[in-house]
> 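The structure is given below, and queries will be raised subsequently.
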Amino acid sequence: MIKILFFARLKDQLNCSGLNLEINDLDNQSSITIRKLLDYLFNKNPSWQSTFEHQQVFIAVNQEIVGRETTIKDGDEVAFFPPVTGG
Amino acid sequence: MIKILFFARLKDQLNCSGLNLEINDLDNQSSITIRKLLDYLFNKNPSWQSTFEHQQVFIAVNQEIVGRETTIKDGDEVAFFPPVTGG
Amino acid sequence: MINIHIQEADFDHSELYNGLRSANTPPGAVVTFTGLVRDFSSHGDVQAIYLEHYPAMTEKTLHKIAVTAQERWQLENIVIVHRVGKITAREQIVFVGVASLHRKEAFQACEYIMDYLKNDAPFWKKEITPTHELWVENKKSDSEALDKWR
Amino acid sequence: MINIHIQEADFDHSELYNGLRSANTPPGAVVTFTGLVRDFSSHGDVQAIYLEHYPAMTEKTLHKIAVTAQERWQLENIVIVHRVGKITAREQIVFVGVASLHRKEAFQACEYIMDYLKNDAPFWKKEITPTHELWVENKKSDSEALDKWR
């Protein structure tokens with residue numbers, strides 16, 4: 001299972017704080033890239049694509065910032081969020 | 001009258017925290033330079049000269065840092081001290 | 001020693017300062033930064049802010065920033081406290097305190113930690129005005145602030 | 001607002017911090033620096049220090065430094081407290097606190113004030129060890145610290 005999380009404005013826009021996916025639902029591989037994960041999500045929820053494309057979205061895999069070519073595997077936690085504004 | 005002050009290590013070395021001088025004692029002028037004031041003091045206290053020459057000594061006239069060519073007049077306060085070490 | 005706290009409750013500045021002062025090697029310098037909620041912004045009057053965060057990532061990120069500061073400068077103590085949830089105007093949001101033997105190290109490390117916290121720690125701020133609730137945009141000056149540490 | 005105090009008594013850090021927070025325009029950032037007596041030096045164990053100053057010049061100099069900082073950055077409050085006389089190891093010597101709308105201004109102004117205080121304010125420190133009383137030498141790093149403000 002892959003745990004997917006959305007935060008802050010992105011969470012509000014998608015109206016979704018997160019979801020769990022089985023990696024087998026995504027591909028017949030044991031690992032896939034973030035890019036492919038996004039393609040899968042955009043395919044399921046067509047409106048999400050423009051939400052992602054109209055702003056800067058950061059990606060963290062297991063709490064570390066990564067790029068879209070990063071490979072994820074079963075058990076990973078993938079988070080998507082806008083630029084941070086704490087402090 | 002000119003008020004002369006010494007601070008910190010310089011005060012300890014001269015064994016003097018300060019003295020008052022009448023400007024007429026120094027010169028027959030209404031104003032003199034710090035350099036001339038020092039010459040007068042070294043003349044009165046010959047051991048002071050090497051004390052001044054063997055370290056960095058700052059000069060303040062009326063609480064503002066100045067150089068040896070600065071002119072002082074009756075009523076001024078002249079302070080001599082080593083580099084500051086507060087804070 | 002590194003101490004990091006993420007909490008909803010307000011913090012006691014004085015207690016944090018006293019903690020920074022007490023170290024095995026008594027520090028010569030303590031620098032503290034405190035961020036407070038301003039009561040206005042480009043959106044108008046601000047009554048409060050709401051801070052969301054990504055709990056699993058927040059402490060990890062702050063710890064990493066503190067460890068990097070400790071490798072870069074000689075520091076005795078580092079304390080980071082960041083609040084989350086609803087915070088009323090004029091209240092405290094964040095505290096970063098550093099104790100060191102020397103003044104320059106303490107200033108640099110404290111500013112370094114705040115600069116990286118602002119850019120890397122997963123907190124998001126929403127401003128609550130009398131009429132709106134608006135997510136705050138990130139500032140270019142915050143990412144530019146990192147240039148001096150590179 | 002500028003507040004400057006020269007005193008023999010210890011100061012209450014918490015009271016000074018609370019004073020910095022309260023301003024007509026609530027600040028977004030408060031930075032404080034506190035200098036403490038270390039219990040050792042190149043002379044060995046330090047039991048206490050003795051701080052002499054030139055009273056007529058001290059407040060004048062500190063006020064001038066604070067005013068210059070206020071002209072250079074947008075600041076809400078500046079507080080400077082410096083103790084004189086005998087101060088025991090681990091006690092507080094000096095406090096500089098700055099409140100500003102913005103973090104960068106607060107950090108810069110606080111460090112600027114400390115850097116100039118160290119170089120321009122007429123304080124002289126004597127270290128009291130179990131066997132000696134020695135005037136502290138000034139440090140080259142203190143005068144070099146001014147380079148970044150020029």
Side-chain angles (χ1 to χ4, degrees), chain B residues 1-23 33-34 37-38 41 45 47-87, chain D residues 6 33-38 41 43 49-65 80-85 87 92-96 110-127 132-143 145-146:
Chain B
M1 196 187 77
I2 292 171
K3 188 177 175 185
I4 299 173
L5 299 167
F6 304 108
F7 289 98
R9 178 190 285 132
L10 190 62
K11 177 178 74 181
D12 291 356
Q13 289 166 333
L14 304 178
N15 200 24
C16 176
S17 64
L19 64 152
N20 295 326
L21 287 178
E22 292 302 330
I23 197 146
T33 62
I34 298 283
L37 169 64
L38 283 172
L41 293 173
N45 313 274
S47 70
W48 287 17
Q49 182 152 12
S50 74
T51 303
F52 268 74
E53 280 170 2
H54 280 86
Q55 64 193 311
Q56 200 181 357
V57 175
F58 285 90
I59 307 154
V61 171
N62 301 329
Q63 302 91 45
E64 299 279 349
I65 298 287
V66 298
R68 291 194 180 203
E69 302 312 323
T70 298
T71 295
I72 52 172
K73 58 184 194 312
D74 196 41
D76 283 347
E77 179 173 295
V78 184
F80 298 96
F81 47 79
V84 304
T85 54
Chain D
I6 314 296
F33 173 87
T34 316
L36 304 156
V37 182
R38 277 175 283 173
S41 80
H43 302 138
I49 60 165
Y50 178 82
L51 265 162
E52 181 174 328
H53 77 133
Y54 176 9
M57 187 172 169
T58 312
E59 278 209 44
K60 222 170 161 172
T61 307
L62 294 179
H63 188 76
K64 198 170 156 187
I65 296 170
I80 304 175
V81 183
H82 206 300
R83 293 177 65 192
V84 291
I87 310 175
Q92 304 177 121
I93 307 170
V94 58
F95 175 92
V96 173
C110 190
E111 193 171 6
Y112 173 94
I113 292 168
M114 267 312 297
D115 283 350
Y116 276 90
L117 184 155
K118 277 270 182 188
N119 279 281
D120 292 358
F123 294 103
W124 300 275
K125 206 182 273 176
K126 191 187 257 182
E127 284 175 353
H132 290 93
E133 296 201 358
L134 287 161
W135 289 105
V136 172
E137 296 293 329
N138 66 316
K139 285 182 291 182
K140 201 160 156 266
S141 61
D142 283 331
S143 52
L146 299 186

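First the proteins, then the strands, lettered A, B, ... as listed; each starts at 1.
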> If you look at every heavy atom in B:T85 and D:V136, which pair is closest and at what distance?
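In terms of heavy atoms, the two residues are closest at CG2-O, 3.4 Å.
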> Got more than 12 heavy atoms from elsewhere within 6.0 Å of CG, B:N15?
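Counting other residues, nucleotides and ligands, CG of B:N15 stays at 12 neighbours or fewer.
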> For D:M114 and B:G87, which heavy atoms make the closest approach, and how far apart are they?
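Closest heavy-atom pair between D:M114 and B:G87: CE-CA, 4.4 Å.
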> Within the structure provided, determine whether B:F7 and D:E52 are in side-chain contact (heavy-atom separation under 4.5 Å).
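Of all side-chain heavy-atom pairs linking D:E52 with B:F7, at least one is under 4.5 Å.
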> Using side-chain heavy atoms (C-beta onward) and a distance below 4.5 Å, is D:W124 in contact with B:V84?
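Yes, at least one pair of side-chain atoms sits under 4.5 Å.
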> With side-chain contact (heavy atoms from CB on, under 4.5 Å) as the test, would you mind laying out the steps for D:K126 and B:D12 before giving the verdict?
CA-CA 12 Å; D:K126 191 187 257 182; B:D12 291 356; 3.9 Å; yes
> Do you know which two heavy atoms are closest between B:A60 and D:Y54, and how far apart they sit?
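Looking at all heavy atoms of both residues, the closest pair is CB-CE2, 4.5 Å.
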> Can you say whether D:D120 sits under 4.5 Å from chain B via the side chain, the backbone, both, or neither, judging by heavy atoms?
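Looking at D:D120, just its backbone touches chain B.
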> If I measure from the heavy atoms of chain B, does D:K60 come under 4.5 Å with its side chain, its backbone, both, or neither?
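Contact with chain B involves the side chain of D:K60 alone.
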> Side chains of B:Q63 and D:K64, heavy atoms from C-beta outward: is any pair under 4.5 Å?
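Contact flag for B:Q63/D:K64 side chains = no.
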> Check each atom of D:A56 against the heavy atoms of chain B and say whether the ones under 4.5 Å are side chain, backbone, both or neither.
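Looking at D:A56, backbone and side chain both touch chain B.
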> Report, by ascending residue number, the residues of residues 72-83 of chain B in heavy-atom contact with chain D at a distance under 4.5 Å; give 'none' if the set is empty.
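Against chain D, the residues of residues 72-83 of chain B that fall inside the cut-off (heavy atoms, under 4.5 Å) are B:E77, B:A79, B:F81, B:P82, B:P83.
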